[in-house]
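Just below is one structure, and these are the notes that go with it.
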Amino acid sequence: MFSFIRRHQYLAMVFILLVIISFVFFFTDRSVFDAGSTVDLGSVNGRKITQREYLNAQKEAMLTHFFRYRDWPRPGSIGEQMGWKLEEQTMERLVLANQLKEKNIIVGDEAVAKQVAQFFRGGDSQATVQEQYRNFVDNRLKPEGITDEDFRRFIRNELGIAQLGALFSAGGRLLSPAAAEAAYRHDNKQVETKAVVFQATNFVSKAKADVDPKALSQYYSNQVANYNLPTRVQVSYVAFEAINYLAEAAQEMAKNTNLTAAIEQQYKKDGAEAHKDEKGTVLTADKAKEKMRDDLRNRIASRIAGQKAYEFAAELLAIEPMTMANLNTLAGKKGVKVFDTEPFAVMDGPKGIKDSEQFSRQAFGLDRERPFGAEPVQAGDNYYVLGFKNRIPSIPQPFEVVKGKVEEDYIQYRSSLLAREAGNNFALAVTNGLTAGKKFSDIAKEQKVNVLALAPFGRQATTIPELDAARVSPFQFRSAAFAHAAGESSGFIPSGDGGFVLVVEKFLPADEAKMKTDLKDYILNLRSRQASIAYSEWVADQFQSAGVAVSRGK
C-alpha cells in the first residue's frame with residue numbers, strides 16, 4: 001500500500017527537491033484563518049495573497065516535506081532539525097505558482113493522471129492502482145487535512161515547476177570545450193603528501209598516570225550536565241503486527257490465479273544469482289520461488305496491519321474529548337491489548353520494538369494536551385498507535401554513581417589534550433626545520449614520530465585509505481593539502497580526538513589520456529551542476545523581484 005513512498009521518497013523525477021533558500025520573514029500562523037476572510041496575508045508582485053492561495057501553497061509545502069523526509073512537518077520532525085520551515089516553503093510555493101501563471105505553463109489532466117498512476121504502479125500490493133491511491137488519500141492525506149484535489153494540484157504544480165527548472169537552468173548548460181578541459185584539469189590534479197598523525201589512543205597510558213582525584217571531581221563539576229539521566233517518556237500503545245495477519249495475506253494471495261505464473265516470470269527475469277540465502281548460497285529454483293512467495297505474503301501482511309492501524313487511529317482521533325482513557329476504551333471495544341513501555345530516552349528507544357526511530361520520534365512529540373499522534377507509526381513490518389502516558393524530566397546523577405564513567409571520559413579528554421600538545425610541538429619543529437632546509441622525514445625522525453607516505457589523491461577524493469585507522473577526516477585532510485603549495489607544511493590541524501601535520505611533496509597534473517576518455521561524462525555532470533546553480537539563482541531572483549510582503553493580520 002505504501003511501497004511507492006519507499007520507491008519515490010524524493011520524487012526526483014518531478015524536480016521536487018528544489019533548492020532550499022534561507023529567507024527571513026515575519027509569517028502568519030494557522031490561527032489567523034480563524035479570524036475570517038479579511039485577514040491580510042501579504043502580497044506577491046503587489047497583488048494580495050488570498051486565504052485560498054495561502055492554504056493551497058501551505059498544503060503543497062507539507063507534501064514536499066512528506067516526500068522528502070517521509071514524515072509530516074511538525075515540531076521535532078527531521079525537516080525542522082535540518083532547518084526546513086513550513087512558512088518559508090509556503091512562500092516559495094506561492095512565488096513559483098505565480099511564475100507558472102506568468103509563464104503560462106499549463107499541465108494537462110492527462111499528464112497529472114499519468115504521473116499519479118506511475119507513483120502507485122508496480123507496488124507490493126495486489127490491489128489496483130486506484131485502490132492503492134484511494135488508501136493513500138484516505139489514510140495518509142485526509143488525517144492532515146489534505147484532499148485528493150490538493151494532491152493532484154501538487155502533482156500538477158510539480159510538473160510545471162519541472163518545466164520551469166528546464167527553462168531557466170538552460171543557461172547553465174552552456175560550456176565551451178576549452179573551459180571543460182580546464183575545469184577537468186583543475187578537478188583532477190593530484191597531490192602527493194606526507195603526514196604525521198597524533199591520536200589520543202597513543203597517549204592513554206600517560207593520561208591514566210596523570211589522573212588526580214581533585215581534577216577528576218572538578219571535571220565532573222564542569223561537565224555535570226553530561227551525566228544527567230536524560231529526559232524519558234513512557235507511552236501506551238496498541239500493536240498491529242504483520243505476523244498476526246499472515247493468514248489474511250495468504251487468503252488474498254489465493255485469490256490471485258496468476259500468482260504462480262507471475263512469480264515464475266519474475267524469477268526468470270531476476271536470474272538464479274539474484275536469489276541467495278543468508279550465507280550467500282544461490283537457492284534452488286523451488287526454494288527461491290518459495291522464498292519469493294513468503295516475502296510477498298509478509299509484505300501483504302504488513303500492508304493489512306497498516307490498514308488496521310489507520311482504521312483504529314482514525315476512530316480513536318474522532319472521539320471527543322481527546323483523552324488517554326479513549327485508547328483503553330476503544331482497545332477494549334475492539335478486543336485488542338494495550339501495552340505500556342518502560343520509560344525510555346529518545347536515543348535508546350523502547351525495549352522490544354525493532355526499528356524504533358519513528359516510534360521514539362512520535363513518542364517524544366506527545367504530551368497531555370496532544371496525547372495521540374496524527375497517524376500510526378511504522379517500525380519494521382509492524383504498526384503502532386501511541387498514547388502519551390508520562391514524561392520524566394532529566395535529573396542529575398551524583399558523582400559517586402557515575403564516577404567510573406567520569407574517569408573514563410576524563411582519561412579520553414586528557415589523552416586528546418596530550419595528543420594536540422604533541423602535535424603543536426611537532427608543527428613548530430617542522431616550521432623551524434623546513435626553514436633551515438631540513439626534510440620533513442628527517443625532522444620526524446629527530447622528533448621520534450612515524451611518517452605516513454600517502455598515495456597521490458585528487459580534489460574529489462572521498463577516501464584516503466592510509467588515514468582510515470587514524471580517525472582523520474579525508475575531506476579535512478584533502479582540503480588542507482590543496483590549500484598549500486609544494487614544500488609547505490599545514491601546521492597542526494586538530495581532527496577527531498587528535499590531529500595531524502602534513503607537508504605537500506608535489507602536485508601531479510591530470511592524466512591527459514584519461515581525460516580524453518572521461519571528458520564526455522565529465523562535461524555532462526558539470527553542465528548538470530551548473531544548470532542546478534543557474535536555476536537556484538533564478539529562484540532567488542524571483543523572490544527578490546516578487547516583492548514578497550507578508551503581514552500577520554490584525
Side-chain angles (χ1 to χ4, degrees), residues 1-18 30 33 41 44 49-74 79 84 86-125 127-167 303 306-307 310-311 314 374-375 539:
M1 168 175 151
F2 304 124
S3 61
F4 77 99
I5 297 175
R6 294 192 293 272
R7 298 195 311 274
H8 303 293
Q9 58 184 303
Y10 297 115
L11 294 185
M13 75 294 289
V14 291
F15 214 75
I16 194 170
L17 292 186
L18 298 173
R30 294 189 188 187
F33 296 121
L41 297 173
V44 176
I49 300 168
T50 68
Q51 178 177 327
R52 174 53 54 193
E53 285 176 324
Y54 188 92
L55 283 171
N56 286 347
Q58 187 178 68
K59 290 177 181 180
E60 291 180 31
M62 290 171 66
L63 284 164
T64 64
H65 186 286
F66 177 76
F67 284 109
R68 184 172 187 184
Y69 299 109
R70 298 181 64 186
D71 193 11
W72 295 107
R74 52 176 56 95
W84 195 98
L86 178 60
E87 292 85 358
E88 290 181 8
Q89 295 301 311
T90 298
M91 298 311 297
E92 181 173 309
R93 300 295 297 193
L94 282 166
V95 170
L96 290 172
N98 190 67
Q99 283 296 311
L100 291 176
K101 290 180 181 178
E102 286 191 3
K103 303 298 184 294
N104 197 31
I105 294 178
I106 300 173
V107 177
D109 292 342
E110 184 179 348
V112 174
K114 183 178 180 181
Q115 189 65 61
V116 170
Q118 183 177 336
F119 290 158
F120 295 89
R121 185 176 292 116
D124 300 333
S125 170
T128 65
V129 169
Q130 288 184 342
E131 289 172 330
Q132 291 186 66
Y133 177 67
R134 180 49 53 195
N135 284 332
F136 171 68
V137 172
D138 290 343
N139 296 324
R140 302 309 295 257
L141 301 187
K142 284 186 178 179
E144 300 297 324
I146 298 174
T147 66
D148 168 83
E149 180 184 353
D150 293 327
F151 182 69
R152 290 181 179 274
R153 185 186 63 255
F154 166 74
I155 295 299
R156 189 184 307 277
N157 285 343
E158 283 300 308
L159 293 172
I161 290 168
Q163 293 183 41
L164 280 177
L167 179 64
R303 171 177 58 79
Q307 289 174 331
Y310 275 93
E311 290 168 3
E375 60 185 18
V539 172

Item to check | Set of residues satisfying side chain to side chain contact (heavy atoms under 4.5 Å, CB included) with respect to Asp150, sequence neighbours excluded | outcome: Asn56, Lys59, Ile146, Thr147, Arg153
Checklist outcome for this item: side chain to side chain contact (heavy atoms under 4.5 Å, CB included) filter on Ala57, not counting sequence neighbours, yields Thr90, Arg93, Leu94
Checklist entry - Parallel under 30°, tilted from 30 to 60°, perpendicular over 60°: which one fits the rings of His65 and Trp84? => result perpendicular
Next on the checklist: Before you tell me yes or no, could you show the steps for Asn157 and Leu96 under side chain to side chain contact (heavy atoms under 4.5 Å, CB included), namely the whole-Å CA-CA distance, both residues' side-chain angles and the distance that decides it to 0.1 Å?
Outcome noted: CA-CA 9 Å; Asn157 285 343; Leu96 290 172; over 6 Å; no
Checklist entry - Could you state the interatomic distance from CG (Leu86) to OG1 (Thr64), rounded to the nearest 0.5 Å? => result 8.5 Å
Item to check | Closest contact, heavy atoms only, Val107 versus Ala111 | outcome: CG1-CB, 3.9 Å
Checklist entry - Who passes side chain to side chain contact (heavy atoms under 4.5 Å, CB included) against Ala113, sequence neighbours left out? => result none
Checklist outcome for this item: In terms of heavy-atom contacts, Ala374 and Pro143 come closest through O-CB, 3.9 Å
Checklist entry - When the ring planes of Phe151 and Phe136 are compared, do they come out parallel, tilted or perpendicular, using 30° and 60° as the limits? => result perpendicular
Checklist entry - Taking all non-hydrogen atoms of both residues, which atom of Tyr54 and which atom of Met91 are closest, and how far apart? => result CE1-SD, 4.1 Å
Next on the checklist: Applying salt bridge (Lys or Arg N to Asp or Glu O under 4.0 Å), can you list everything that pairs with Arg156, at least two apart in sequence or on another chain?
Outcome noted: Asp109
Next on the checklist: To the closest 0.5 Å, what do you measure between CD (Gln89) and CD (Gln58)?
Outcome noted: 12.0 Å
Checklist entry - Looking only at heavy atoms, what is the nearest atom pair of Asp148 and Val137, with distance? => result N-CG1, 4.1 Å
Next on the checklist: Test of understanding: with salt bridge (Lys or Arg N to Asp or Glu O under 4.0 Å), list the residues that count as partners of Asp138, not counting sequence neighbours.
Outcome noted: Arg134, Lys142
Next on the checklist: Restricting to salt bridge (Lys or Arg N to Asp or Glu O under 4.0 Å), what partner residues turn up for Glu53, sequence neighbours left out?
Outcome noted: Arg47, Lys101
Next on the checklist: Side chains of Glu375 and Trp72, heavy atoms from C-beta outward: is any pair under 4.5 Å?
Outcome noted: yes
Checklist entry - Are any non-hydrogen side-chain atoms of Phe154 and Leu159 less than 4.5 angstrom apart? => result no
